[in-house]
Amino acid sequence: QVQLVESGGGLVQAGGSLRLSCAASGRTFSSSAMGWFRQAPGKEREFVAAISGITRTPDYTDSVKGRFTISRDVAANTVYLQMNSLKPEDSAVYYCAARGSAGLYTREIYYDFWGQGTQVTVSS
């Protein structure tokens, strides 16, 4: 059974940093596309960042470029999201997602597996 478990969320002041982790189990995702999405109250879930498997090419939504960094540890079957210079508008539940195959995707529909989410709250 595939599981994605996020951790690292919490409460931080504006300008602070958090590092989210997503540990996968049940299968290896070494060559698979993985991504982070977020959903704020009353809003639809949106793309934040993605990383491809083999080349580890990243992609980001414009609002987080220069502040967030996605990375992966293939041996640990884990993907990370380093979030710096956090803003109140970054507050949301952050979800990790994985696809069963390679590529780089920004749309939810392309992801096969999802974590339960971790709350990030940025105070002003």
Side-chain angles (χ1 to χ4, degrees):
Q1 181 181 359
V2 173
Q3 279 193 313
L4 302 178
V5 179
E6 302 98 334
S7 62
L11 174 64
V12 65
Q13 289 188 333
S17 299
L18 284 173
R19 188 193 195 203
L20 305 184
S21 299
C22 172
S25 61
R27 60 161 283 177
T28 180
F29 290 99
S30 59
S31 60
S32 298
M34 298 192 74
W36 287 95
F37 292 76
R38 66 186 179 187
Q39 186 169 23
K43 295 187 177 181
E44 293 186 353
R45 189 157 58 184
E46 64 174 358
F47 167 75
V48 177
I51 188 167
S52 65
I54 298 173
T55 61
R56 304 189 189 184
T57 301
D59 193 9
Y60 303 93
T61 191
D62 286 346
S63 64
V64 308
K65 285 181 179 177
R67 301 188 297 123
F68 290 11
T69 302
I70 188 170
S71 62
R72 64 193 303 165
D73 183 334
V74 171
N77 217 20
T78 299
V79 65
Y80 304 97
L81 186 67
Q82 177 67 42
M83 306 186 295
N84 299 327
S85 302
L86 282 161
K87 305 175 181 180
E89 51 264 43
D90 294 318
S91 296
V93 177
Y94 282 70
Y95 296 91
C96 173
R99 179 175 167 86
S101 58
L104 183 64
Y105 301 94
T106 63
R107 295 181 62 190
E108 289 186 50
I109 191 173
Y110 292 112
Y111 288 89
D112 304 304
F113 308 100
W114 292 84
Q116 294 298 309
T118 185
Q119 177 71 48
V120 171
T121 304
V122 185
S123 63
S124 57

Distance-minimising heavy-atom pair for Val122 and Lys87: CB-O, 3.3 Å
message: Do Glu89 and Ser63 have side chains that approach each other closer than 4.5 Å (heavy atoms only, starting at C-beta)?
response: no
field: Sequence neighbours excluded - ring pair (Phe, Tyr, Trp, His ring centres under 6.0 Å) pairs with any residue from residues 5-29
entry: Phe29-Phe113
query: Would you find a donor on one side and an acceptor on the other, under 3.5 Å apart, between the side chain of Asp112 and the backbone of Arg99?
result: no
- prompt: Among pairs that include at least one residue of residues 71-81, which meet side-chain hydrogen bond (donor to acceptor under 3.5 Å, both in side chains), considering only residues two or more places apart or in two chains?
  reply: none
- request: Report yes if some heavy atom in the side chain of Leu86 is under 4.5 Å from a heavy atom in the side chain of Phe68; otherwise report no.
  value: yes
message: For Tyr95 versus Gly115, what's the shortest heavy-atom pair and its separation?
response: CD2-O, 3.6 Å
message: To check you understand the geometry: which heavy-atom pair defines the closest contact between Gly103 and Ala33, and what is its length?
response: O-CB, 3.2 Å
- request: Could you name each residue pair satisfying ring pair (Phe, Tyr, Trp, His ring centres under 6.0 Å) that touches residues 4-25, not counting sequence neighbours?
  value: none
query: So Thr118 and Leu20, side chain to side chain contact (heavy atoms under 4.5 Å, CB included) or not? Walk me through it.
result: CA-CA 8 Å; Thr118 185; Leu20 305 184; 4.0 Å; yes
task: Indicate yes or no: at least one non-hydrogen side-chain atom of Met83 is less than 4.5 angstrom from one of Tyr94.
output: yes
message: Test of understanding: with side chain to side chain contact (heavy atoms under 4.5 Å, CB included), list the residues that count as partners of Gln3, not counting sequence neighbours.
response: Ser25
- request: Following the transitive rule for hydrophobic clusters with a side-chain heavy-atom cut-off under 4.5 Å over Ile, Leu, Val, Met, Phe, Trp and Tyr, establish whether Leu104 and Ile109 coincide in one cluster.
  value: no
- prompt: Should Trp36 and Val2 be regarded as members of a common hydrophobic cluster, given that ILVMFWY residues are connected when their side-chain heavy atoms come within less than 4.5 Å of each other, either directly or indirectly?
  reply: yes
In one Ile/Leu/Val/Met/Phe/Trp/Tyr side-chain cluster, 4.5 Å: Leu18, Val79: yes
- prompt: Donor-acceptor pair, Tyr111 side chain versus Tyr105 backbone, under 3.5 Å?
  reply: yes
- prompt: With sequence neighbours left out, which residue pairs that include part of residues 6-22 fulfil the side-chain hydrogen bond (donor to acceptor under 3.5 Å, both in side chains) condition?
  reply: Ser17-Asn84
query: Which pair of non-hydrogen atoms, one from Arg67 and one from Ser85, has the smallest distance, and what is that distance?
result: NH1-O, 2.9 Å
Heavy-atom pair with the smallest gap, counting every atom of Ala40 and Ala92: N-CB, 3.8 Å
Hey, can you pull the donor-acceptor pairs under 3.5 Å for the side chains in residues 45-62, sequence neighbours left out?
| from | atom 1 | to | atom 2 | distance (Å) |
| --- | --- | --- | --- | --- |
| Arg45 | NE | Glu108 | OE1 | 3.1 |
| Arg45 | NH2 | Glu108 | OE1 | 3.0 |
| Glu46 | OE2 | Arg38 | NE | 2.7 |
| Glu46 | OE2 | Arg38 | NH2 | 3.3 |
| Ser52 | OG | Thr55 | OG1 | 2.9 |
| Ser52 | OG | Arg56 | N | 3.2 |
| Ser52 | OG | Thr57 | N | 2.8 |
| Thr55 | OG1 | Thr57 | OG1 | 2.8 |
| Tyr60 | OH | Ile70 | N | 3.0 |
| Asp62 | OD1 | Lys65 | NZ | 3.1 |

query: Val93 versus Val120: any side-chain heavy-atom pair under 4.5 Å?
result: no
